[in-house]
Amino acid sequence: MNSTRRAFLGTALGAAAAVGTGFGAAPASAASAPSEASEASAAGRRGCRRIPPSGIGMHLYTMRTPLAVDFAGTLEQLAEIGYATVGVSGRHGNSPAAIGQMLDRVRLKAVLEHVGYDIVTGSGLPRALEDVHTLGGRWIVVPSLPGSLHSPAGYREVARQFNRAGLVARESGLKLLYHNHGGDHEVVDGVSLYDILLAETDPELVGFELDLYWAAKGGSSAPGELFVRHPGRFPALHVKDMAPNGDFADVGSGVLDFPEMFDTARRGGVRQWLVEHDAPADPFASARASYRYLSRLRY
């Protein structure tokens, strides 16, 4: 872990989250990253920028318990809270078409779906892409990798597979993303596994749904640094907060410095801020608190 990363996480774990927010400009590409002058101008605007309402979403894994009981009613309550988008993670017996209809009725939009690595890299990819289209999404996301691939050689194979699947996704009008967990940020045999994916996947074919909690907890670089070092590669975020003891927390109630992370979000290409809590005591209370924080955040 480098000194910048240590300083970031040390500050995060020692202080309450600051008040600030996100934003919603179109993603910047490596060729069109803001200049130093525009970066300086952005710095002067801190406290003025915000996440657009259309960019605040809920990753539905957070709501899996109420979804299993009443899928349509859960979506309705999320829309009433103010969420504009969702990331689909588990259909609970519903077809993509049925979920799409439920979303349309409450004016929510699915922006992505999580699909297993074996499906994305196997014969099930065409059907999975069709399902994402049916849901109305724009990204197909691999949520995790098999443990057998947890090595530099394994991640290089993953990168090859992602480039292949990413080409198929692009031909269908979608983009392939990868969602990180803590193990992705480990250094094995002197190499950061996550850096292998960043370096060896084609930016035109493969992007990343960055989970801020796992990146902050285990990453060799702070999320804001990743946005600068790899511009345009992070169209979606999992906005997940960290309690002082390292557990999960409602967004805005923990110690992660989201305004600092979001300051360079435009360079990272961020379009969607999807709330996630892996183990909420009350999913709806968590959803309300997290939305309130993000909707009021200024940075």
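What you are looking at is a predicted structure, and each value in this text was computed from that prediction instead of being measured.
Both Leu103 and Leu78 are members of a single hydrophobic cluster when ILVMFWY side chains are connected at heavy-atom separations under 4.5 Å. In the hydrophobic cluster analysis, where Ile, Leu, Val, Met, Phe, Trp and Tyr join through side-chain heavy atoms closer than 4.5 angstrom, Phe71 is grouped together with Val132. One hydrophobic cluster, built from ILVMFWY side chains closer than 4.5 Å, holds both Tyr83 and Val251. Hydrophobic clustering of Ile, Leu, Val, Met, Phe, Trp and Tyr side chains at less than 4.5 Å, counting indirect connections, keeps Leu60 apart from Val141. Trp139 and Val206 are not part of a single hydrophobic cluster, where members link through side-chain heavy atoms under 4.5 Å apart.
Taking CG of Leu212 as the start and CG of Leu226 as the end, the distance is 10.0 Å to the nearest 0.5 Å. For the atom pair CZ (Arg271) and CG (Leu237), the distance works out to 12.5 Å, reported to the nearest 0.5 Å. Here the CD atom belonging to Gln161 is positioned 10.0 Å from the CG atom belonging to Asp118, to the nearest 0.5 angstrom. One distance of note links OG of Ser192 with NE2 of His185; it measures 8.0 Å at 0.5 Å rounding. We find the CG-CG distance between Asp70 and Leu75 to be 9.0 Å, quoted to the nearest 0.5 Å. Interatomic distance, CZ of Arg127 versus OG1 of Thr134, reported as 8.0 Å (0.5 Å rounding).
Tested against Leu125 for a side-chain contact (heavy atoms from CB on, under 4.5 Å), the candidates Val120, Val115, Ile119 yield a single pass: Val120. When the options Val106, Ile99, Asp104 are evaluated for a side-chain contact (heavy atoms from CB on, under 4.5 Å) with Met102, the one that passes is Ile99.
Residues Arg296 and Arg50 fail the side-chain proximity criterion, which asks for heavy atoms closer than 4.5 Å. No side-chain heavy atom of Leu112 sits under 4.5 Å from any side-chain heavy atom of Arg138. Taking the side chain as every heavy atom from C-beta outward, Thr62 and Met58 approach each other to under 4.5 Å. Residues Tyr178 and Val158 are not in side-chain contact: their nearest non-hydrogen atoms beyond the backbone lie 4.5 Å or more apart. Considering only heavy atoms from C-beta on, Thr85 stays 4.5 Å or farther from Ile56 through its side chain. Annotation: side chain of Leu274 is not in contact with side chain of Val239 (no heavy-atom distance under 4.5 Å). With a 4.5 Å cut-off on side-chain heavy atoms, Phe227 and Arg266 do not count as touching. Annotation: side chain of Gln272 is not in contact with side chain of Val86 (no heavy-atom distance under 4.5 Å).
Between the side chains of Ser89 and Glu113, no donor N or O sits under 3.5 Å from an acceptor N or O. A donor and an acceptor atom, one from each side chain of Ser286 and Asp250, are located under 3.5 Å apart. Asp278 and Tyr213 share no donor-acceptor pair across their side chains, judged by distance under 3.5 Å alone. A side-chain donor-acceptor contact under 3.5 Å links His179 and Asp211. At a cut-off of 3.5 Å, with distance as the only test, a side-chain donor of His150 or Glu186 sits close to an acceptor on the other residue. Side-chain contact, Tyr293 with Asp241: no donor N or O sits under 3.5 Å from an acceptor N or O.
Remark: aromatic rings of His114 and His238 are close, center separation under 6.0 Å. Between Phe208 and Tyr194, the distance separating the two ring centers is shorter than 6.0 angstrom.
Residues Val187 and Gly190 share a closest heavy-atom pair of CG1-C, 3.6 Å. In terms of heavy-atom proximity, Gly100 sits nearest to Leu135 at N-CD2, 4.4 Å. Val275 and Ser290 make their closest contact through CG1-CB, 3.6 Å (heavy atoms, listed as atom of the first residue, atom of the second, distance). Contact between Ser253 and Ala249 at its shortest, heavy atoms only, is OG-CB, 3.6 Å. Taking both residues in full, the closest heavy atoms of Pro152 and Ile196 are given as CA-CD1, 3.7 Å, listed atom of the first, atom of the second, then distance. Between Gly87 and His59, the shortest heavy-atom contact is O-ND1, 3.5 Å.
A distance-only check finds a donor-acceptor pair linking the side chain of Arg164 to the backbone of Thr121 [under 3.5 Å]. Lys109 places a side-chain N or O within 3.5 Å of a backbone atom of Gly136 that can act as its donor or acceptor partner. Here the side chain of Ser95 pairs a donor or acceptor atom with the backbone of Ala98 at under 3.5 angstrom. Of the possible donor and acceptor atoms, none in the side chain of Glu200 sits under 3.5 Å from a partner among the backbone N and O of Leu197. Although no hydrogens or angles enter the test, the distance criterion places no donor-acceptor pair under 3.5 Å between the side chain of Asn163 and the main chain of Arg160. Judged purely by atom type and a 3.5 angstrom limit, His181 uses its side chain to pair as donor or acceptor with the backbone of Pro143.
Remark: Tyr61 engages no residue in a ring pair (Phe, Tyr, Trp, His ring centres under 6.0 Å) (not counting sequence neighbours). Considering only residues two or more places apart in sequence or on other chains, His277 meets the ring pair (Phe, Tyr, Trp, His ring centres under 6.0 Å) condition with none of them.
Salt-bridge check for Arg170 with Asp202: failed, with every basic side-chain N at 4.0 Å or more from each acidic carboxylate O.
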### Message
One pair to check against side-chain contact (heavy atoms from CB on, under 4.5 Å): Leu176 and Val168. What are the steps and the verdict?
### Response
CA-CA 9 Å; Leu176 175 68; Val168 177; over 6 Å; no

### Task
Begin with the C-alpha distance, continue with both residues' side-chain angles, and end with the deciding distance and a verdict on side-chain contact (heavy atoms from CB on, under 4.5 Å) for Val188 and Tyr155.
CA-CA 11 Å; Val188 179; Tyr155 273 61; over 6 Å; no

### Task
Would you please test Arg288 and Tyr291 for side-chain contact (heavy atoms from CB on, under 4.5 Å) and show each step?
CA-CA 5 Å; Arg288 285 189 293 271; Tyr291 179 83; over 6 Å; no

### Derivation of the side-chain contact (heavy atoms from CB on, under 4.5 Å) call for Phe248 and Lys240
CA-CA 7 Å; Phe248 306 115; Lys240 182 188 304 179; 3.6 Å; yes

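The environment of CD in Glu157 is crowded: more than 12 heavy-atom neighbours from other residues, nucleotides or ligands sit within 6.0 Å.
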